[in-house]
Amino acid sequence: MADDKASRTANIFDVARLAGVSHQTVSRVLNNMPNVRPATRARVEQAIAQLRYSPSPAARALVTRRTRTIGLVTPGTVDYGPSSIATNFNFAARAARYNVDAISSPQSDVAAVRAAIDGLLKQRVDAIVLIVVDVEVLAAVQAIEIDVPIVAAATTSRPHPRLVAIDQYRGARAAVRHLLESGYSTVRHIAGPARNPDAVERLRGWREEIASARAQSTPPVHGDWSAASGYRIATETDLAPGEGIFVANDHMAIGVLSALRERGLRVPEDIGVVGFDDVPEAPFVFPSLTTVRQDFAALGEILMQKVLLMVEEPDTVSESTPLPTRLIVRDSAPLRP
């Protein structure tokens, strides 16, 4: 009797524990996704049979009404990060045999984002995914209540069950630590837009690493993610040899490199520069750009896994651990003995 009760109440996490895999892997097997090793798939299927697991009645009802379409709300910018997330989420959705219906919306306007969500709901999408680049929109997404699962790619200092993110904070700390360990006494910060969640977390990481190292500090200056803004800030800022600059994205960093070259400041001999993103151009600028790499392919896959879990187990609450970043050392701030 006890075994019958356990099997009736088994959930996706029980299956994962018995099979020795993650709940995301169980979700891939349930949705017949291709990126599961045969031995792993067999182990999961055996656990499903042993526990007599099936999705909850609410999830079953949802499945019967599926359109296999996910609504995607993007900020409508050409910035590297958001566009890379959107591209890789589309790849992950296609691998799971889902269609994506995308709408671009000005993300400084909460009402416009809500209107975009309402428009997608009228298309009977199975879930909503948002790429969030504004802190006010992020707050609204965390509080919104709709009839389908909603997931956002957004960074915040506080975990939330609807959010999937890359660890901007620790990536920023690694960048600043590298500059300090390379002998630059002061690390300036050219930050992104003040209301951008990624920029906020990179700024927080810079501040806390500076404080932890008890290093010299200067007020941050905000750019707009463009190379032109990085160039302008580096042209107007009073810089001295021995300083490092942590730039909140690679395109602004490319502008910084151009301005420093025009000013006769050598990189890395006089000034060290570290960017963020690892854009395709980063290895080919002069000097090649030291930067923090983000794994957008993994983020797109985790976004899709989160959607599938919320569709299959709508009563399950799970928080995702932010994906780690990787410091890529090149000539603009090389390792020093």
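Scope of the values below: all heavy atoms of this structure, side chains included, with no hydrogens, waters or symmetry mates. Everything numeric in this text was worked out from a predicted model, so none of it was measured.
- With sequence neighbours excluded, the residues satisfying side-chain contact (heavy atoms from CB on, under 4.5 Å) with Pro322 are Asp167.
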Walk me through whether Leu138 and Leu163 qualify under side chain to side chain contact (heavy atoms under 4.5 Å, CB included).
CA-CA 9 Å; Leu138 175 56; Leu163 302 185; 3.8 Å; yes
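- For Arg68, the CZ atom is densely surrounded, since the number of other residues' heavy atoms within 6.0 Å is greater than 12.
- Put simply, the side chain of Ser288 gets close to the backbone of Asp331: a donor and an acceptor are under 3.5 Å apart.
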Checking Ser226 against His251 for the side chain to side chain contact (heavy atoms under 4.5 Å, CB included) test, could you report, in this order, the C-alpha distance in whole Å, the side-chain angles of both residues, the deciding distance, and whether it holds?
CA-CA 6 Å; Ser226 71; His251 286 121; over 6 Å; no
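- Side-chain N or O atoms of Asn11 include one that pairs as donor or acceptor with a backbone N or O of Phe13 at under 3.5 Å.
- You'll find the side chain of Ile271 stays beyond 4.5 Å of the side chain of Val256, heavy atoms only.
- No donor-acceptor pair closer than 3.5 Å links the side chain of Thr235 to the backbone N or O of Ala259.
- The CG atom of Asn99 sits 10.0 Å away from atom CG of Asn90, with the distance rounded to the nearest 0.5 Å.
- Under the 4.0 Å criterion applied to side-chain N and carboxylate O atoms, Asp118 and Lys122 are not assigned as salt-bridge partners.
- Distance check, rounded to the nearest 0.5 Å: CG of Asp134 to CZ of Arg195 gives 4.0 Å.
- Shortest non-hydrogen contact noted between Leu180 and Ala215 is CD2-CB, 3.8 Å.
- In this structure, the side chains of Gln168 and Gln294 come closer than 4.5 Å at one or more pairs of heavy atoms.
- Checked for salt-bridge contact, Arg114 and Glu136 miss the test: no charged N lies under 4.0 Å from a carboxylate O.
- Annotation: side chain of Thr40 is not in contact with side chain of Val29 (no heavy-atom distance under 4.5 Å).
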Kindly determine whether Asp224 and Ser229 satisfy side chain to side chain donor-acceptor pair (under 3.5 Å), including the steps that lead there.
CA-CA 6 Å; Asp224 63 8; Ser229 70; 2.9 Å; yes
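- The structure places CG of Leu72 at 6.0 Å from CZ of Phe89, a figure rounded to the nearest 0.5 Å.
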Apply the test side chain to side chain contact (heavy atoms under 4.5 Å, CB included) to residues Arg202 and Val292: give CA-CA distance (whole Å), side-chain angles for both, the deciding distance (0.1 Å), then the verdict.
CA-CA 11 Å; Arg202 293 172 199 171; Val292 177; over 6 Å; no
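- Residues Leu299 and Phe91 fall into different hydrophobic clusters, defined by Ile, Leu, Val, Met, Phe, Trp and Tyr side chains chained together at heavy-atom separations under 4.5 Å.
- Within the 4.5 Å cutoff, no side-chain heavy atoms of Tyr80 are placed close to those of Asp250.
- The heavy-atom pair separating Ala282 from Val285 by the smallest distance is O-CG2, 3.5 Å.
- Contact between Arg173 and Ser212 at its shortest, heavy atoms only, is NH2-CB, 3.4 Å.
- Contact record, Asp295 with Leu323: O-CD1, 4.1 Å, taken as the closest heavy-atom pair.
- Nearest heavy-atom pair, Glu243 versus Asp238, reported as atom, atom and distance to 0.1 Å: OE1-O, 4.4 Å.
- Summarising the geometry, atom CG belonging to Asp147 is positioned 11.5 Å from atom CD1 belonging to Ile150; distances are rounded to the nearest 0.5 Å.
- For CZ of Arg43, the number of neighbouring non-hydrogen atoms (other residues, nucleotides, ligands) closer than 6.0 Å is greater than 12.
- The backbone N or O of Met252 sits less than 3.5 Å from a side-chain atom of Asn249, completing a donor-acceptor pair.
- Hydrophobic clustering keeps Phe284 apart from Val273 (ILVMFWY residues linked when any side-chain heavy atoms are closer than 4.5 Å, directly or through intermediates).
- Using modelled atom types, one side-chain atom of Ser332 and one backbone atom of Thr290 make a donor-acceptor pair closer than 3.5 Å.
- Residue pairs satisfying the side-chain hydrogen bond (donor to acceptor under 3.5 Å, both in side chains) criterion with at least one member in residues 254-267, sequence neighbours excluded, are listed as follows: Tyr231-Glu262, Arg266-Asp270.
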Report the C-alpha distance between Thr25 and Ser22 in whole Å, list the side-chain angles of each, state the deciding distance to 0.1 Å, and finish with yes or no for side chain to side chain donor-acceptor pair (under 3.5 Å).
CA-CA 5 Å; Thr25 298; Ser22 68; 3.1 Å; yes
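- In summary, of the residues considered (Asp126, Val311, Ile128), a side-chain contact (heavy atoms from CB on, under 4.5 Å) with Val148 occurs for Ile128 alone.
- Side-chain contact check for Leu130 versus Ile117: some heavy-atom pair is nearer than 4.5 Å.
- No continuous path of ILVMFWY side-chain contacts below 4.5 Å connects Val113 to Val135, so the two sit in separate hydrophobic clusters.
- Salt-bridge check for Arg177 with Glu181: failed, with every basic side-chain N at 4.0 Å or more from each acidic carboxylate O.
- Using a 4.5 Å cut-off on side-chain heavy atoms (C-beta onward), Arg330 and Thr291 make contact.
- Under the 4.5 Å side-chain heavy-atom criterion for ILVMFWY residues, no single connected hydrophobic cluster contains both Phe286 and Leu265.
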Could you walk me through whether Ile85 and Leu303 pass the side chain to side chain contact (heavy atoms under 4.5 Å, CB included) check?
CA-CA 9 Å; Ile85 295 170; Leu303 273 170; 4.0 Å; yes
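- Rounding to the nearest 0.5 angstrom, the gap separating the CG atom in Leu120 from the CD1 atom in Ile70 is 11.5 Å.
- More than 12 heavy-atom neighbours from other residues, nucleotides or ligands sit within 6.0 angstrom of CD on Glu208.
- A single hydrophobic cluster is not seen to contain both Val200 and Val164; linkage of ILVMFWY side chains at heavy-atom distances under 4.5 Å, directly or through other members, places them apart.
- Side-chain contact between Lys306 and Val129 is absent, with no heavy atoms from C-beta onward closer than 4.5 Å.
- Taking CZ of Phe296 as the start and CG of Asp277 as the end, the distance is 5.0 Å to the nearest 0.5 Å.
- Residue pairs meeting the ring pair (Phe, Tyr, Trp, His ring centres under 6.0 Å) criterion with at least one partner in residues 137-191, sequence neighbours excluded, are His189-Trp206, His189-Phe246.
- Scanning both residues, Gly205 and Ala172, for their nearest heavy atoms gives CA-CB, 4.0 Å.
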Criterion side chain to side chain donor-acceptor pair (under 3.5 Å) on Glu301 and Gln305, from CA distance to verdict
CA-CA 6 Å; Glu301 182 174 338; Gln305 290 172 4; 3.1 Å; yes
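- A 4.5 Å side-chain heavy-atom check between Arg17 and Val26 finds every atom pair outside the cut-off.
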